[in-house]
Amino acid sequence: MAPELLVKETKVREVSLPDLRNVAGEVRMRMAPNPSGPLHVGHSRMAILNDEYVKRYGGICYNRFEDTDPARIDPTGYDTIPEDLDWLGVTIHKTLIQSDRFQIYYDVAKQLLEKGKAYVCTCKPEDWRELKNHKKACPHREQPLNEQMLRWDKMFDGSYKPEEASLMVKTDLAHPNPAIRDFVGLRIDDTPHPRTGTKFRVYPLMNLSVAVDDHLLDLTHVLRGKDHLNNTYRQEYVFDYFGWKKPEYIHYGRISLEDVQLSTSKMAKGIREGLYSGWDDPQLGTLRALRRRGIMPESLRRYWIEVGIKEVDIEFSWKTLYSFNRDLIDDSANRYFFVADPVKLTIEDAPKLVAKAPFHPDHPERGVRDLHVGDDSAVLVSKDDLASNPSRLRLKDLCNIELRDGAVQYAGNDLSVLKEGVRIVHWAPMDSVQAEVLMTDGSVRKGVAERGLADALGQVVQLERFAFVRVERATPTVRCVFTHK
RNA sequence: GCUCCCGUAGUGUAGUCCGGUUAAUCAUUCCAGCCUUUCGAGCUGGAUACCCGGGUUCGAAUCCCGGCGGGAGCACCA
């Protein structure tokens, strides 16, 4: 291996995540996605951080589907999320689905009732909330256990309609933070669940099910966004009631991403309305869109490692991600000519012209593409490159030309004109193929490309002076997806 | 309104716990130059920051107080 490659490697590794606190041997961590659609860039942070730590310390990483709200599930998520994690290079040792575990939550809830740490409330939700906002107990909070159990059973036998009864977990009604006072543990919902149908109608809310599962999985560390800070405090009550050992909680800050739609519901809506072609539309910030564009998962990994796990809110930088990705793909991406908005130039007095264009400037061993100009000496160049009315141009790897009053004259093949400031532009032969590039703003750049581009199907290549793209279709026209400049 | 968290350059990050080789790290960005038959890569140089005000101290990004700013939560969503 070349020495400079080794240097680069260590440079990347210099940046590393801080150590976790309280690590004794292996770690057990989890990610807990809601199956409402495929993963996007924001999700990749949690997945990669978990993965990095599990790989550093050894241990296991769970994927736990949090599907306890039947109304907010897109069943495709059960398949797409593991695919996305796999693409990211995240190792999942075991997968759990909370909707397989309702009975477990019921059992724990019953124990909480028996311990006097929960109650079944039949207040109207607004009344209950109003009372707790004033640090007041609702009438059901301190009723005797037998009354509680009576109502508990009725929650399951169909006596109550949704919102007519819920299991509340006690915390501290006098807690100065209103967000921490008593919370709902289980509720009734008649919405059919995509996996369990109408078999269950009592559903746990996250603070109960998460606490129970985090305990049963014996997690050592829990990574979550700081929007869950108050949920952590609530869940700690459950741990304390049972004397369970709490995991180490780490909250990282909010991520704001510009220029991209991340809301799962809005993306789904856009897809339905035809605004986006699907979950992998290059306009979207989903992982499958990035994959389609030729963004390497390693670039995301490097990005999130550099960002770390601080509690400060951050602004995501596409430029930095692209820079990391360019680093990864530049060496392997072969070069091709793509001419957007082509204009035909007929070169007068030209000899028979053939270009020997290298596949990669840094890798002469990869050879060249032979680009043959036809007997009419005509080539295609981009309208943009003629916009400034240049008098002389260098057609890359082909020849120099002079332009005057719409006439194009052959001007030799002397490279020294470059010293005089003559610009180099790329071009395409007349027998080129039609090509288009799907851009991230939803537009399509149309043009022509050298025929050989079709051979790069599936690869990430550089269209010289245009952008890096991934070639995703070869016929009938070549279709590429914009990666980045 | 109440509760909690956070505040180093455009962006992200190191340093903050245990105050003194840092008139502040690294990456990315931007600018200039070099190099190159790409506007890619590479090289060189430059630019931009410790939120503000007090206090403690010989000395504070680092400790204390106050202010300001940003964020999160106060849901029968996760």
Side-chain angles (χ1 to χ4, degrees), chain A residues 4 11-12 14-15 18 32-36 66-69 71-73 98 121 123-126 128-129 132-133 162-168 175-181 183-189 202-207 209-210 224-234 251 253-254 256 258 264 302-308 310-324 326-327 329-331 333 335-337 355-358 360-362 384-385 394-400 413 415-418 422-426 462-468 484-485:
Chain A
E4 71 266 21
K11 218 166 149 189
V12 174
E14 262 174 36
V15 179
N34 178 305
S36 57
E66 308 221 316
D67 58 347
T68 55
D69 180 358
R72 296 187 58 209
I73 298 168
Q98 288 193 317
C121 175
C123 293
K124 284 186 169 159
E126 315 84 78
W128 176 79
R129 200 178 311 128
K132 97 166 180 168
N133 283 342
E163 296 204 338
E164 285 184 351
S166 302
L167 178 118
M168 307 304 194
H175 198 288
N177 185 349
I180 313 292
R181 297 172 203 151
F183 62 86
V184 184
L186 292 149
R187 60 160 176 172
I188 296 169
D189 191 339
V202 178
Y203 292 95
L205 277 92
M206 73 164 297
N207 284 309
S209 54
V210 166
R224 44 172 37 166
K226 76 174 184 188
D227 45 320
H228 283 299
L229 212 53
N230 287 334
N231 289 321
T232 297
Y233 299 143
R234 293 197 267 228
H251 300 92
R254 300 274 298 181
S256 64
E258 287 184 345
T264 304
R302 184 176 161 199
Y303 187 85
W304 291 126
I305 288 173
E306 243 189 67
V307 166
K310 295 212 304 188
E311 222 166 292
V312 288
D313 301 333
I314 61 142
E315 233 172 87
F316 184 85
S317 167
W318 288 103
K319 281 184 174 173
T320 302
L321 180 73
Y322 291 163
S323 166
F324 291 169
R326 199 179 295 118
D327 227 33
I329 63 174
D330 182 57
D331 196 68
R335 270 52 175 171
Y336 292 94
F337 289 159
K356 303 264 184 196
H360 197 296
D362 304 331
D384 293 345
D385 286 326
R394 166 75 190 170
L395 298 180
K396 189 166 185 290
D397 302 309
L398 188 71
C399 68
N400 305 329
N413 196 18
L415 280 176
S416 65
V417 298
L418 299 179
V422 172
R423 287 170 52 88
I424 300 167
V425 301
H426 60 277
Q462 191 202 42
L463 303 179
E464 289 196 47
R465 300 180 66 242
F466 182 81
F468 289 92
H484 46 65
K485 286 295 281 183

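Bear in mind that the values here come from a model prediction, so they are computed numbers and not experimental data. Per chain, numbering begins at 1; letters A, B, ... match sequence-line order.
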Across all strands, who's sitting opposite rG73(B) as a Watson-Crick or G-U wobble pair, both distances under 3.5 Å?
rC2(B)
For nucleotides rG15(B) and rA9(B), find the distance between their P atoms and express it as a whole number of Å.
16 Å
Answer with yes or no whether the side chains of Arg181(A) and His175(A) bring together a donor and an acceptor at under 3.5 Å.
no
Starting at the 5' end of RNA chain B, which residue's closest nucleotide do you reach first, Met206(A) or Lys319(A)?
Lys319(A)
Using the closest heavy atom to pick a nucleotide of RNA chain B for each, name whichever of Phe466(A) or Glu164(A) lands nearer the 5' end.
Phe466(A)
Using the P atom on both, measure rC4(B) against rU22(B) and round to a whole Å.
38 Å
Using the P atoms only, state how far rG40(B) lies from rA24(B), rounded to an integer number of Å.
31 Å
Compare the minimum distances between each of rU29(B), rG71(B), rA27(B) and the side chain of Ser323(A), then state the nucleotide with the smallest one.
rU29(B)
Go through the N and O atoms of the side chain of Glu306(A) and the base of rU28(B), and report whether any donor-acceptor pair is under 3.5 Å.
no
I want to verify a distance call: between rC30(B), rG73(B), rU38(B), whose nearest atom is closest to the Asn230(A) side chain?
rG73(B)
Give the nucleotide from the list rA78(B), rG12(B), rG71(B) with an atom nearest to the side chain of Asn34(A).
rA78(B)
Output, in order, the C-alpha distance, side-chain angles, deciding distance and verdict of salt bridge (charged side-chain N to carboxylate O under 4.0 Å, His left out) for Asp397(A) and Arg335(A).
CA-CA 12 Å; Asp397(A) 302 309; Arg335(A) 270 52 175 171; over 6 Å; no
In whole angstroms, how far is the P atom of rG73(B) from the CG atom of Asn133(A)?
16 Å
Please give the distance between the P atoms of rC5(B) and rG66(B) as a whole number of Å.
14 Å
Considering only heavy side-chain atoms of Asn231(A), the closest of rC76(B), rG71(B), rA78(B) is rA78(B)
Using the P atoms only, state how far rG70(B) lies from rU57(B), rounded to an integer number of Å.
35 Å
Looking only at rG12(B), rC6(B), rU3(B), the nucleotide nearest the Asn177(A) side chain is rU3(B)
Base of rG40(B) paired with side chain of Asp362(A) (donor-acceptor, under 3.5 Å):
yes
Rounded to whole Å, how long is the line connecting atom CG of Asp227(A) with atom P of rC5(B)?
16 Å
If you measure from the P atom in rU3(B) to the same atom in rU8(B), how many Å do you get, rounded?
25 Å
Reckon Arg129(A) has a side-chain N or O less than 4.0 Å from the OP1 or OP2 of rC76(B)?
yes
Roughly how many Å apart are rC34(B) and rC17(B), using the C1' atom of each and rounding to a whole number?
46 Å
Choosing from rA78(B), rA27(B), rU37(B), which nucleotide comes nearest the side chain of Lys396(A)?
rU37(B)
Look at all strands and tell whether Ser166(A) reaches a base, only sugar-phosphate, or nothing, counting heavy atoms closer than 4.0 Å.
base
Between rA41(B) and Arg326(A), is there an OP1 or OP2 to side-chain N/O distance shorter than 4.0 Å?
yes
Using 30° and 60° as the class boundaries, would you call the ring planes of Trp318(A) and Phe316(A) parallel, tilted or perpendicular?
perpendicular
Students often get this wrong, so: under 4.0 angstrom with heavy atoms, is Phe468(A) touching a base, only sugar-phosphate, or nothing?
sugar-phosphate
Proximal nucleotide (of rU28(B), rC5(B), rC74(B)) relative to the Phe324(A) side chain
rU28(B)
If pairing means Watson-Crick or G-U wobble with both distances under 3.5 Å, then the partner of rU11(B) is rA27(B)
Between rG1(B) and rA41(B), how far apart are the two P atoms, rounded to whole Å?
50 Å
Selected nucleotide, minimal atom distance to Asp327(A) side chain, candidates rA78(B), rG42(B), rC74(B)
rG42(B)
Taking rU13(B), rC74(B), rA72(B) as options, the one with an atom nearest any side-chain atom of Val312(A) is rU13(B)
Ser36(A) side chain N/O closer than 4.0 Å to the phosphate oxygens (OP1, OP2) of rA78(B)?
no
Side chain of Arg394(A) only, heavy atoms from C-beta on: which candidate in rU37(B), rA72(B), rA75(B) is closest?
rU37(B)
Using a heavy-atom cut-off of under 4.0 Å over every strand shown, decide if Pro125(A) touches base, sugar-phosphate, or nothing.
base
